[in-house]
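Shown next, in structure tokens, is the structure this report addresses.
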Amino acid sequence: MTSTPSDLPHVLMCGPYPSWDMEALEPAYTLHKLWEAGDREALLKACAPNVRAIATRGELGASAELMAGLPALEIVSCYGVGTDAIDLTSARARGIRVTNTPDVLTGDVADLAVGLALSAMRRIPAGDAHVRNGTWAQRNMDLVTRLHGKRVGLVGYGRIGATVARRLTGFDVELGYFARAARSDSTHRFFASLTDLAEWCDLLIVTLAGGAATKNMVNAEVLRALGPQAWLVNVSRGSTVEEPALLDALEKRQIAGAGLDVFWNEPRIDARFMALDNVVLQPHHGSGTDETRRAMGQLVRDNLSAHFAGLPLLTPVA
Ligand code: 8YV
């Protein structure tokens with residue numbers, strides 16, 4: 001397969017964006033669509049000399065190998081805030097710029113964290129099924145657990161963690177957090193030990209960035225410290241939680257339950273999750289609102305336009 005060099009900058013897209021983004025990108029760039037290629041290697045070989053930008057998504061990233069095959073690459077623009085799937089070391093070594101989409105999705109991810117906490121603790125999906133399948137006519141639903149008045153531990157206190165904290169102040173909860181250091185802009189209780197935070201709280205909400213530094217941070221010991229009356233919510237990356245330990249803890253009721261938006265093997269997650277009645281599952285949809293996805297796409301395009309116009313990037317990754 002040969003690509004037709006054109007005057008428009010060549011952009012390799014790792015996966016599709018919504019139609020409104022594709023419609024805006026098509027006239028501005030020569031797009032090479034990796035997901036449409038019957039022979040991925042052939043497409044890459046044909047477009048490699050011309051590709052100046054990669055447009056990717058959080059979960060697809062850009063590997064060292066992919067970037068190494070693109071000698072003219074100048075920028076990787078990521079639709080998503082998490083850059084854990086982009087090899088930043090390789091990018092930095094070659095002076096390849098990287099952008100992401102922070103801020104525009106913070107409120108949505110925080111909303112989903114609160115939604116998952118309520119869904120899991122109040123068992124909202126089970127209540128919905130109870131009504132729909134007619135069980136309500138036979139018996140009342142079992143009692144559930146309240147959120148307000150509880151102790152909530154935030155794992156990570158970045159943009160998303162701080163926004164979850166703000167959302168939850170309306171729930172009259174007591175808040176604590178685990179982060180690299182105490183934050184001068186937070187009045188909530190700081191824990192230098194994640195295990196201590198887990199022991200203290202009734203609900204642990206993980207908002208960490210993904211990557212090697214946070215891999216398996218919520219491990220078997222943290223889950224043991226959480227205990228059988230406490231809940232876990234994860235809206236960060238599947239990698240931050242030691243998933244086999246979580247599955248064991250859920251199956252053995254060593255923790256009360258969980259609300260999960262992220263997993264180790266997305267989208268083909270461990271089948272053990274499906275058999276559990278103490279988890280609420282979401283398909284990695286923290287930023288998945290129409291409003292936010294439009295803003296994310298716009299930010300990807302604005303970063304690409306700024307780069308090719310020689311203007312400062314809007315949201316460069318340091
Ligand atoms: C998206 C994300 O699911 O921002 C991130 O890091 O994981 C999400 O917003 C993803 O990037 C969309 O493809």
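Numbering of ligands and ligand atoms starts at 1, following listing order.
Side-chain contact check for R52 versus I75: every heavy-atom pair is 4.5 Å or farther apart. With a 4.5 Å cut-off on side-chain heavy atoms, P283 and P267 do not count as touching. No side-chain heavy atom of H188 sits less than 4.5 Å from a side-chain heavy atom of L154.
Ring planes of F308 and Y29: tilted class, angle from 30 to 60°.
Taking the centre of each ring, Y177 and Y157 come in below the 6.0 Å mark.
Using a 4.0 Å cut-off between a side-chain N of Lys or Arg and a carboxylate O of Asp or Glu, D87 and R94 do not qualify as a salt bridge.
Annotation: ligand 1 has protein neighbours R57, G58, E59, Y79, G80, V81, G82, L105, R237, H284, S287, R293, M296, each with a heavy atom less than 4.0 angstrom from the ligand.
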